[in-house]
Each structure stands twice: as C-alpha cells, then as structure tokens.
Amino acid sequence: MCRNIKTLFNFDPPATEDEIEAAALQFVRKLSGFNTPSKANEEAFHRAVQEVSDVAKNLLDSLVTNAEPRNREVEIERARARNAKRFGMTE
C-alpha cells in the first residue's frame, strides 16, 4: 500500500509511540489524499490519526508470535541491500 509505513510488530525494542503515530499519520494521509489538511478538515484529520494510532497500539499489544524478536539494525541493513539491488545503487 504505502512504502512509508513500516512493519512495527515483533521488534526488540518494541515500537515506540512515535513510530506508531507516524505510521497512523501516513495511513490517514494515504486514505485522505491530504499531506496537510485544510482548516475545514483539520479536526477530522487529526482525530483520524489519533484513532488509527489507538487501534494500531491495541493491535500490536494483542498480537502473539513464537518467532524471535527481530533486530532493528539487521532489518535496516536488509532493507538497504534490497534497495541497492532494486535501484542499482552501490555503496
């Protein structure tokens, strides 16, 4: 859907409030088509971000897995390698 929304489940350390809110903001931006809402839509936009953030927190708190938590640094390096391969960039 949106490449800016990252997987937040099963990381050590767990996702922060800021990461969850950033994902919610990206989701609401994608759905609404607004990067920044007009004054008329501002309240609804911010309320939607808060509600999506709350639901995402509840989801992340409810999910269970037997898999080992993923390491953020390892996942970042894997993403960089995928991007280098995809876009033909070398370090």
**Q** Nearest 0.5 angstrom please: Asn41 CG to Arg47 CZ, how far?
**A** 10.5 Å
**Q** Identify the heavy atoms of Asn10 and Pro69 that sit nearest to each other, and give their distance.
**A** OD1-CA, 3.3 Å
**Q** Would you compute the distance between atom NZ of Lys6 and atom CZ of Arg72 and round it to the nearest 0.5 angstrom?
**A**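 Result: 12.5 Å between the selected atoms.
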**Q** Pick one: which of Val52, Leu8, Leu59, Leu25 meets side chain to side chain contact (heavy atoms under 4.5 Å, CB included) with Ile20?
**A** Leu8
**Q** Taking all heavy atoms of Ser53 and all of Ala24, pick out the closest pair and write down the distance.
**A**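 That closest heavy-atom pairing would be N-CB, 3.6 Å.
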**Q** Give me the one residue out of Glu17, Glu51, Glu19 that meets salt bridge (Lys or Arg N to Asp or Glu O under 4.0 Å) with Lys57.
**A** Glu17
**Q** Starting at CG of Asn35, measure out to CZ of Phe45 and round the result to the nearest 0.5 Å.
**A**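 It comes to 7.5 Å.
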**Q** What's the spacing between Asp54 CG and Glu21 CD if we round to 0.5 Å?
**A**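 These two atoms lie 9.5 Å from each other.
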**Q** Check salt bridge (charged side-chain N to carboxylate O under 4.0 Å, His left out) between Arg70 and all other residues, then give those that pass, not counting sequence neighbours.
**A**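 For Arg70 there are no salt bridge (charged side-chain N to carboxylate O under 4.0 Å, His left out) partners, ignoring immediate neighbours.
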**Q** Nearest 0.5 Å, what's the CZ-OG distance between Phe9 and Ser62?
**A** 10.0 Å
**Q** Between Lys39 and Glu42, is the salt bridge (Lys or Arg N to Asp or Glu O under 4.0 Å) condition met? List the steps.
**A** CA-CA 5 Å; Lys39 289 290 184 192; Glu42 191 171 34; 3.7 Å; yes
**Q** Would you give the length of the straight line joining atom CD of Glu73 to atom CD of Glu75, rounded to the nearest 0.5 angstrom?
**A**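 Glu73 atom CD to Glu75 atom CD measures 10.5 Å (nearest 0.5 Å).
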**Q** Quick check on the hydrophobic clustering: are Val55 and Leu60 connected, directly or via other members, by side-chain heavy-atom contacts under 4.5 Å?
**A**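 Each belongs to a different hydrophobic cluster.
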